[in-house]
Number of protein chains: 2
Amino acid sequence: MRVGAVVLDRQSVVPLYYQIQQGLSEQIRSGELKPGALMPSEQEIAARLGVSRMTARQALKSLCSRGLAFSQRGRGTFVSRMKLEKNFRQLLSFSEEMKDRGSQPRSRVLAFRKIHPGEDVVEALHLNPAEEVILLRRVRMADSAPLCVEATHLPARLCPDLLENFEPSGSLYRALAEQYGLQVHMADEVAEASIATEAEAKLLRVREKSPVFRFMRTAYLHNGQPIEFVKSIYRGDRCRVVNRLTRQLENRQLSSSVLVQGGG
Amino acid sequence: MRVGAVVLDRQSVVPLYYQIQQGLSEQIRSGELKPGALMPSEQEIAARLGVSRMTARQALKSLCSRGLAFSQRGRGTFVSRMKLEKNFRQLLSFSEEMKDRGSQPRSRVLAFRKIHPGEDVVEALHLNPAEEVILLRRVRMADSAPLCVEATHLPARLCPDLLENFEPSGSLYRALAEQYGLQVHMADEVAEASIATEAEAKLLRVREKSPVFRFMRTAYLHNGQPIEFVKSIYRGDRCRVVNRLTRQLENRQLSSSVLVQGGG
DNA sequence: CAGTGGTCTAGACCACTGG
DNA sequence: CAGTGGTCTAGACCACTGT
């Protein structure tokens, strides 16, 4: 627990707590801080790095919220024993996800045009009745073999002239961010287990009735505005869905243990 | 934004920030604070409730981390426009999940005994070579129709005498907590899209080759110790997997925008 | 310009853990 | 008992937003 190894740059625009957190997470990644090990305490970090305890605390808390560590009152903060990997999913665009996997993403565009959306799209994107959307339908490939068929719907109002400005084989999320300042923040996703129709099987180059995932994903901006609705069909033999679930007792058992005592 | 409506009990063991957070989230739930509305600022909460700004801030931050609100520097904190529902998944036991859905959970026990585990179980639970596990295999039913077949593996070392102490149609998570003090904290889950084998189809009362989900789930205690490994097969026609994905730019684009400037 | 959230300080008291 | 994390205070400076 060589806190001293962390070097702070007080002139930097990077917050101190973030520099500390980066330093500690680097020591975890390098194995200098091993799983289960006691991390430096808040007071130790504060003293050795010359920051206030609240700043040290903020660094440790952000490590905890990222799953790299866990705290126990009266004992200390420990490095998590969890297999870390990049297992648990983030909201990534297809291109980003393929890069993370070390695969080469490619696309074949089936459609890219303005349409009048169906009811499911209107509801998911909170559209006005007559509002139009931009439809982008692509076969997505990883390492030259089809992985999924994806139909993306965007409110035309939020990205005017996208049809002219966007090269549909590229990264949509990057285009949205760079050309329209639209930052995707989170998404709700529904997955179903199903089997491929004849048409889908052809596009995915699998036998009819092969197992597939069907996804419906609604992505939101930071303020909750829906920005994208995607329906996609993934080959069951080429992908698995990995999730990390947490048990937030906040409003479940907590209400019957701690909270009841105070009448909160 | 009637902050005054929140009443604090300073004698309570419930932290002030938690009381404030509860009050605000109640106002959101009741519609008093509408989606998109500006929430009371940190300073306003601090002034009106007579707490420090850091405490007010902690309340607002926890609302943000729960997805009920979002903050914008220089503008304020706003109520999220996200459809809240209970959509996004927590780590729940089968019994808990059925209750949340308003269904009646039932189980048919197929096996409940000590076994020598296979390699996948040994690896998932970080077992020593000759260590034994308790296997609990059940058909899980919701409203009298089969929903899944579930095989749970627990390290026998961590819950001795479970075979005698546990009524295998009940809630395992509750038994682990109450009888052994083992609190499940999080889990990693892998889902595959597949089709039912003949034997599975029989147990699930579906046709052979019907679409199913195959799950493998490893649950962990707070300290990262694996406590449970579950393989389950869910009927594709009776369940969907709902997830909420977030985009944590922390180590992605942030490094090319903010962080680079300071040489962090 | 005034108001906002983001960061930071230097203290404080508490409940809890371990020896 | 000393050390830990959990909570809380009363200030501070900053960058950013709107007008």
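Everything quoted here is computed from the prediction, not taken from an experiment. Reminder, nothing fancy here: chain letters follow the sequence lines and each chain counts from 1.
Residues B/Lys34 and B/Val79 have side chains not in contact (no heavy-atom distance under 4.5 Å, counting atoms from C-beta outward).
Between B/Glu44 atom CD and C/dA2 atom P there is a gap of 19 Å when expressed in whole angstrom units. The CD-C1' distance, from B/Gln58 to D/dG5, rounds to 13 Å in whole Å. Regarding B/Gln21, its CD atom lies at a distance of 15 Å from the C1' atom of D/dG6, rounded to whole Å. Taking atom CG of residue A/Leu38 and atom C1' of nucleotide C/dT17, one finds them 12 Å apart after rounding to whole Å. Rounded to an integer number of Å, the gap from A/Glu42 CD to D/dT7 P is 11 Å. Here the C1' atom of nucleotide C/dT7 and the CZ atom of A/Arg57 are 16 Å apart, to the nearest Å. Whole-Å rounding puts the B/Arg73 CZ to D/dT17 P distance at 9 Å. As rounded to whole Å, 17 Å separates atom C1' of C/dG3 from atom CE of B/Met39.
Between A/Phe166 atom CZ and A/Tyr180 atom OH the span is 10.0 Å, to the nearest 0.5 Å. Separation of atoms CZ (B/Arg174) and CD (B/Gln179) is listed at 11.0 Å; rounding is to 0.5 Å. The structure places CD of A/Glu132 at 11.0 Å from CG of A/Leu127, a figure rounded to the nearest 0.5 Å.
At D/dT7, one or more side-chain N or O atoms of B/Tyr17 fall inside 4.0 Å of OP1 or OP2 (strictly under the cut-off). Side-chain nitrogen and oxygen atoms of A/Ser41 include none within less than 4.0 Å of the OP1 or OP2 phosphate oxygen of D/dG3. Residue B/Ser71 has no polar side-chain atom (N or O) positioned under 4.0 Å from OP1 or OP2 of C/dT4.
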>> The test is side-chain contact (heavy atoms from CB on, under 4.5 Å); show your working for B/His185 and B/Tyr220 and say whether it passes.
In response: CA-CA 6 Å; B/His185 175 242; B/Tyr220 302 87; 5.8 Å; no

> Please walk me through it: do A/Ser25 and A/Leu68 pass side-chain contact (heavy atoms from CB on, under 4.5 Å)?
Replying inline: CA-CA 8 Å; A/Ser25 86; A/Leu68 285 156; 4.0 Å; yes

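Heavy atoms only, all atoms of each residue included: B/Pro155 and B/Pro226 are closest at CG-O, 4.1 Å.
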Polar-atom pairs under 3.5 Å, protein N or O versus N or O of nucleotides 9-12 of chain D: list them with distances, or write none.
unit_1 : atom_1 : unit_2  : atom_2 : d
D/dT9  : OP1    : B/Arg10 : NH2    : 2.9
D/dT9  : OP2    : B/Ser52 : N      : 2.8
D/dT9  : OP2    : B/Ser52 : OG     : 3.1
D/dT9  : OP2    : B/Thr55 : OG1    : 2.7
D/dA12 : N6     : B/Arg53 : NH1    : 3.1

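Looking at DNA chain C, the stems built from 3 or more consecutive Watson-Crick or G-U wobble pairs, each pair with its key distances under 3.5 Å, are C:2-18 with D:1-17.
Below 30°, between 30° and 60°, or above 60°: for B/His153 and B/Phe229 the angle between ring planes is between 30° and 60°, a tilted geometry.
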Could you give the side-chain donor-acceptor pairs of residues 57-64 of chain B under 3.5 Å, partners two or more places apart or in another chain?
unit_1  : atom_1 : unit_2  : atom_2 : d
B/Arg57 : NH1    : B/Glu42 : OE2    : 2.8
B/Ser62 : OG     : B/Gln21 : NE2    : 3.2
B/Ser62 : OG     : B/Gln58 : O      : 3.4
B/Ser62 : OG     : B/Ala59 : O      : 2.9

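Residue contacts for B/Gln43: at a heavy-atom cut-off of 4.0 Å it reaches a base atom on one of the strands shown.
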